Each structure stands twice: as structure tokens, then as C-alpha cells.
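Here the structure comes first, spelled out in C-alpha cells, and everything after it is commentary.
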Amino acid sequence: MLKLFNSLTRTLEEFVPIEPGKVRMYCCGPTVYNFQHIGNFRTFVFEDILLRTLKYNGFDVKYIMNITDVGHLTSDEDTGEDKVEKSAKEQGRSVWDVTKFYTEVFLRDVELLNITPPEMYTKATEYMNEQIAMVKCLEDRGFTYRTSDGIYFDTAKFPDYPKLARLDIEGMKEGARIEFSEEKRSITDFALWKFSPKDEKRQMEWDSPWGVGFPGWHIECSAMSTALLGNHFDIHCGGIDHLPVHHTNELAQSEACTGEKYVNYWLHGEFLNMGDEKMAKSTGNFITLQTLIDKGYSPMDYRYFLLMAHYRKKLKFSFEALDSAKSGYRNLLSKINTLRKPKQDSASDKQVYEEMKSKFLNAVNEDMNMPVAMSVLWEAVRNEKLSAEDRLKLAFDFDRVLGLRLDQALPEQVESAPDEVVRMADERLEAKRAKDFARADKLRQEIKDLGFEVLDSKDGYTLRKSD
RNA sequence: GGCGUGGUACCCAAGUGGCUUAAGGGGAAAGUCUGCAAAACUUUUAUUCAUCAGUUCGAAUCUGAUCCACGCCUCCA
């Protein structure tokens, strides 16, 4: 039985899909005006784990992720600047170039991190009609009002508005950090459609029944998810920061428009912090996957790091912790390779085998407890009551959820080393056989200086890249 | 001002009333192996869960207080 923590009820609930055996899921994707940082990817990895967990449980999953390639405001107020337009201006490129570029980088990082792509990435700019139609629907149903800068959603007309985030709207009014527009009837009201400024030509703007403008930043997810998954679907997820504003607004506008329940399970991934502070694009306090790669870490090292913590707990990023993940991942691959070697194999205790499998499944199904799942993996791979073959079978089976590319773990063999190094290693082997240990040790050191370690075996050696 | 989260070994991090006198990884130490190393394998590494008081037959897990750190109420994964 798969249990998931539903933000709507703040409890662990058994997952029951609307349609038996099938799951329809939507996750909020990136806004492509800048690089996605490793904190963003914590959420995308969490969503990937969720997808893999559902598949591991035998569900047929229809999964959609959006790419926000249309500019929104830096704040919800009419004073805000559009991030995409701003980014384009700074870089002296068109907005279309900017979003294309960051989308490509995002897709590359997704691939590097072994994140399963959705069935479809939906781009906000390609669903403009659906968005306009939904705003129209809300207008027809009387949930909107017009101000000088746009069409707004009247949250007071939707009594369930605070339910997802458990908002205390009265409390919000007292100490809010920012003044809200005089024209807004309530602090929680939000824009559905914004008018283009009269004095400035935007690069991205569309015609609408209300005039030339652009969509409010919440409407795209409602419009696209509904268009592809229907009015009512199973799972919607995103970063925890989306809970109080974006998802709250999305839920309100969707249910107001369709009159149906929007989503059954809302799941949110916690933040990755830089030291004690959060990592955020807006403050520039962030690092990208490429930064990690440049520093000699593999994307899988980072994925391993993420799997060491539960998705609903804040995680502090530090290079010390990443180093420990890197070692752990390397040791794991090394263990896999050891098990692959055709040594004499012992018999396997089938009961232990089943026990490992069920322990793993239980961990995964307990709201995706990856730290425990990882401990089961280690336990399985080191379990002496199991044959090497069975241990490998378990590891590869578990990897369907973990996504650590364990099956691609290859011994860094002689072939991967430069000829020069191989020649030296051969020479060392000869010296060793001739009991010329001084010479052998000297060669070993020289090979080490070239970045390789010699691992001796009974009648030969293997080379491994050292770092 | 309101709402909320967390403090577990040297580091990361599970566990949220008895199965746990606290998983797993990293690190460190010892042993096996080895010409010596490395790798591999084995073993060891928290009588204790921020502090104090209480509830209970029983608490890291519940309650209260205190200290500390952090997030949200602006855009943000």
C-alpha cells in the first residue's frame, strides 16, 4: 500500500487513484529566464522519485510538466518588472532566445541527473487560447473584476480559498511585508490577465477579449493541466514555496471555473538551503549543476546526496556533505562491480531475498522514504546470505526507483586509461614479478601522478581514475 | 504582528510511545589479505536523542516551559 503525504489534509494518506491502475499527475516545471539551480533540481528529483515509485507499484502514469516560457512579474503588483523581459534586456537577446536557451540547459541537466522526462512538456506560450478561455470562464461565472492594470480573481467569492495552505488571511493583513495594490479588493486577490503597459511595447503579448496583454502567472498551470489531464486528476506537485500562493491560486481558479474538485493529492518538496539560508534565484545565492560538474562531482553524486534525505525535510547543502555522498556513491558502484566479477557464488536464501524486497518496497511506499530505501540497498548488497547474482538483481530492481544508474557501473578498466599509463602499469607488473619492488613502487607513484590508481589482483591489475 | 518547521554520534541523516538499551552512508580505528600498499572483506565507533519539568508500567517519540536555528505572509523549486 502506497502512502503519500497530502498537503491538503496534512496527513499521510493511502494513495487511491481516480481510475484504477492509472495515475494522472502534473508537476510545476521551471521558469526559463535563468539557470535552474541545484535547489530547483532537488524538487525535480523528488518528482522523479514519485513517478518511479508509482511505476514501481505498477501504475500506468500520465505525467505532464510545464515550462513557463512566458514572462511574469517580479511581484504581483503593477510595479513589478517582467523577469523574462528583464533577463532578455540584460543579455541583449530576444525573449524567445532567452527562453529557448534556458530550456535547453534545463533539459540537458534533467538528462544528466537521470530524471525521467514527462510524457509531455507543455509550454505556456503554446497554450494561450486555453488560458484565455479559462479567464473567460471565470469572468462568466462572476469570479473576476477589472482594475486599471488587469483582470483579477476575487478570492472572497471562493470560500475554500485558504484551505490548501491553511492561510490566516486576517493575520496576513496585519504584518504583511509589502503593501498591496489599492485597487485589489483583498490581499489574496491575484491577476488572471494583465494589460500591456501603454507606454511600452512588450516582446511577448497576445490579443484577448480584454485587450492586448499577457496571462497572470497562475493561470497557465490550471489551463494546461486541465487541458491534458481533465478537470479532476490525481496528483499535483511542486516546491513547497508554491503551496501558499501559486497552488492556492491554481486550486481556486480551477475549481471556480469547473465546479469540480481539481486535484486529490498535493505533494510538495522541501527546500535545499545554502548553509543556513535558502537558495534562491532572486538573491543570486545559488549554484548550478554545471558548477558541481566543474568542481569534479558527477550528477549522480548529487542525486545520491539528495536520496540521503527525506523530501519533506529541509536539507542543507555543503560540499562536505556532497563529498560524503560522492564517496558513498563511488563505494556503491565499486561494490556492484565486485559482485559482477565471476567469483564462485554461494547459494541464496530465498527468504532473505524476499525480505529485502519487501523492506525496500515498504520504505518506498512510506511516503518515499529514500534514506531508509538506501539503507536497505546497502543491506542487500552486503548481505552474505544472498548470492552475488541475487544481490545484483536486488540492486538493479531497487534502482528502478533510485535512478542511480547502477547498471551502468563499469569497472574503470585498463581500456579507459591512456596508453602511456597502461604501458607503465604493465611494466610495473613485470617488475613486481621480478621482485623488483623498488621499481614497482616508483612506477605506482608515477602512475598516481598521472591520475590513476593501480589496484592489484591475483594475477594482474586494474586501473582506476583517482581524484 | 500572524502562521509554520527543525534541533539525533566527528559530518550527513532515518526513526515520532514498547519489535530500536537509536537504521544507513561518510569519516576514523583494528584485523584478514598483500612484498608493501590499494581494493575487497570483517569488526569497532550515541546507555543517548537542545535544556528543564511533567504524563505514562514504558518517551528521542506525548504535554508545558526555556534556549537556539530556519522558513512563509513579495517573486522563488
Side-chain angles (χ1 to χ4, degrees), chain A residues 27-31 34 36-47 72-77 79-81 83 165-180 187-188 217 237-246 268-273 275-283 286 304-305 307-310 312-318 320-332 334-335 337-338 341 343 359 363 369-379 382 384 432 435-438 440-441 444-445 448 453-458 461-462 464 466:
Chain A
C27 294
C28 288
T31 303
N34 199 339
Q36 298 306 298
H37 55 65
I38 57 174
N40 297 118
F41 281 107
R42 181 179 189 201
T43 297
F44 299 134
V45 168
F46 140 66
E47 290 158 353
H72 295 300
L73 302 178
T74 46
S75 87
D76 217 13
E77 311 312 316
T79 52
E81 229 181 326
K83 282 179 188 166
R166 315 224 160 154
L167 298 176
D168 172 6
I169 294 168
E170 291 307 309
M172 286 166 75
K173 286 175 187 164
E174 283 183 36
R177 277 184 282 166
I178 208 162
E179 296 296 313
F180 68 96
I187 188 171
T188 50
W217 85 282
C237 38
I240 188 71
D241 54 315
H242 279 159
L243 182 61
V245 180
H246 182 55
H268 295 95
E270 250 298 348
F271 266 64
L272 176 78
N273 292 160
D276 282 332
E277 284 168 17
K278 69 170 183 172
M279 187 176 291
K281 279 186 208 163
S282 53
T283 58
F286 68 86
Y304 187 102
F305 166 78
L307 294 180
M308 298 285 284
H310 187 86
R312 278 195 290 116
K313 286 236 176 141
K314 290 179 189 71
L315 178 61
K316 257 193 249 181
F317 177 81
S318 70
E320 290 81 0
L322 186 60
D323 281 337
S324 120
K326 180 181 180 174
S327 299
Y329 182 60
R330 183 173 183 148
N331 290 158
L332 183 60
S334 170
K335 181 72 203 173
N337 284 331
T338 307
K341 277 169 197 156
K343 261 188 189 165
K359 263 180 103 166
N369 194 331
M370 288 304 116
V372 170
M374 289 295 284
S375 80
V376 177
L377 171 66
W378 276 104
E379 208 185 321
R382 296 226 244 241
E384 299 220 294
K432 230 182 77 169
K435 305 247 186 253
D436 184 357
F437 298 124
D441 289 349
R444 181 163 61 199
Q445 184 55 46
K448 199 177 173 192
E453 277 177 88
V454 191
L455 311 182
D456 282 345
S457 57
K458 271 269 183 298
Y461 64 88
T462 55
R464 188 170 88 167
S466 59

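Since the model is a prediction, treat every value here as computed from it, not as a measurement. So that the names make sense, note that chain A is the first sequence line, chain B the second, and so on, each numbered from 1.
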Under the criterion side-chain contact (heavy atoms from CB on, under 4.5 Å), I'd like the reasoning laid out for E270(A) against R42(A): C-alpha separation, chi angles, the key distance, then a yes or no. CA-CA 8 Å; E270(A) 250 298 348; R42(A) 181 179 189 201; 3.9 Å; yes
Run the side-chain contact (heavy atoms from CB on, under 4.5 Å) check on T31(A) and W217(A) step by step: do they pass? CA-CA 10 Å; T31(A) 303; W217(A) 85 282; 5.9 Å; no
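For D436(A), the side chain to side chain donor-acceptor pair (under 3.5 Å) criterion is met by no residue, not counting sequence neighbours. Under the side chain to side chain contact (heavy atoms under 4.5 Å, CB included) criterion, R382(A) pairs with W378(A), not counting sequence neighbours. In this structure E379(A) satisfies the side chain to side chain donor-acceptor pair (under 3.5 Å) test together with K359(A), sequence neighbours excluded. With sequence neighbours left out, the side chain to side chain contact (heavy atoms under 4.5 Å, CB included) criterion links D241(A) to F271(A). By the side chain to side chain donor-acceptor pair (under 3.5 Å) test, D456(A) pairs with R428(A), K432(A), sequence neighbours left out. Remark: A165(A) engages L167(A), L243(A), P244(A), T248(A) in a side chain to side chain contact (heavy atoms under 4.5 Å, CB included) (not counting sequence neighbours). Under the side chain to side chain contact (heavy atoms under 4.5 Å, CB included) criterion, K448(A) pairs with Q445(A), sequence neighbours left out. Judged as a salt bridge (charged side-chain N to carboxylate O under 4.0 Å, His left out), and not counting sequence neighbours, R166(A) has no contacts. Listed by chain and residue number, D441(A) satisfy the side chain to side chain donor-acceptor pair (under 3.5 Å) test with R444(A) (two or more places apart in sequence, or in another chain).
In this structure, R444(A) atom CZ and A39(B) atom P are separated by 11 Å, rounded to whole Å. Atom CZ in F437(A) sits about 12 Å away from atom P in A37(B), given to the nearest Å. Note: CZ (R166(A)) to C1' (U5(B)) measures 15 Å, nearest angstrom. Between the CG atom of N273(A) and the C1' atom of G6(B) there is a distance of 11 Å, rounded to whole Å. Distance D323(A) CG to G25(B) P: 18 Å, rounded to the nearest Å. When the C1' atom of A39(B) is taken as reference, atom CG of L332(A) falls 16 Å away, rounded to whole Å. Straight-line distance from the NZ atom of K435(A) to the C1' atom of C36(B): 12 Å, rounded to whole Å. As rounded to whole Å, 19 Å separates atom C1' of C70(B) from atom CZ of F317(A).
The aromatic rings of F317(A) and F305(A) lie perpendicular to each other, with more than 60° between the two planes, well past the 30° mark.
In this structure, F44(A) reaches neither bases nor backbone, as no heavy-atom distance under 4.0 Å exists between it and the strands shown. The residue E270(A) sits close to a base: some heavy atom pair falls under 4.0 Å. Among the protein residues, G39(A) comes within range of the nucleic acid bases, having at least one heavy atom under 4.0 Å from a base atom. Across all strands, H246(A) comes closer than 4.0 Å to no nucleic acid atom at all (heavy-atom distances). Among the protein residues, S334(A) comes within range of the sugar-phosphate backbone only, with heavy atoms under 4.0 Å from sugar or phosphate atoms but none that close to a base.
At least one donor-acceptor pair under 3.5 Å links the side chain of T338(A) to the backbone N or O of S334(A).
In terms of phosphate contacts, N40(A) brings no side-chain nitrogen or oxygen within less than 4.0 Å of OP1 or OP2 of C76(B).
For the pair S324(A) and A438(A), both in contact range of RNA chain B, the more 5′-proximal nearest nucleotide belongs to S324(A). Closest-nucleotide positions on RNA chain B for W378(A) and V454(A) were compared, and the one nearer the 5' end corresponds to W378(A).
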Please enumerate all protein N or O atoms sitting under 3.5 Å from an N or O of nucleotides 13-20 of chain B, with distances to 0.1 Å.
from, atom 1, to, atom 2, distance (Å)
A13(B), O2', M308(A), O, 3.2
A14(B), OP1, H310(A), N, 2.8
A14(B), O3', N369(A), ND2, 3.3
G15(B), OP1, N369(A), ND2, 3.1

Sort me out a list of protein N/O and nucleotides 41-46 of chain B N/O pairs below 3.5 Å, or just none if empty.
from, atom 1, to, atom 2, distance (Å)
C41(B), OP1, K335(A), NZ, 2.3

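For L455(A), the side-chain atoms get nearest to A39(B) when compared with the rest of G24(B), A37(B), A39(B). Between G26(B), C12(B), A77(B), one nucleotide has an atom nearer to the side chain of Q36(A) than all others, and that is A77(B). In the set A40(B), A77(B), A23(B), the nucleotide with an atom closest to the side chain of S375(A) is A23(B).
Between A13(B) and G7(B), the two C1' atoms lie 13 Å apart (nearest whole Å). One P atom belongs to C49(B), the other to U8(B), and the distance between them is 12 Å to the nearest Å.
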Pairs under 3.5 Å (Watson-Crick or G-U), crossing ones as [ ], inter-strand ones as |: RNA chain B comes out as ((((((((.[[[..)..(.....]]]((((((.......))))))....[[[[[..)....]]]]])))))))....
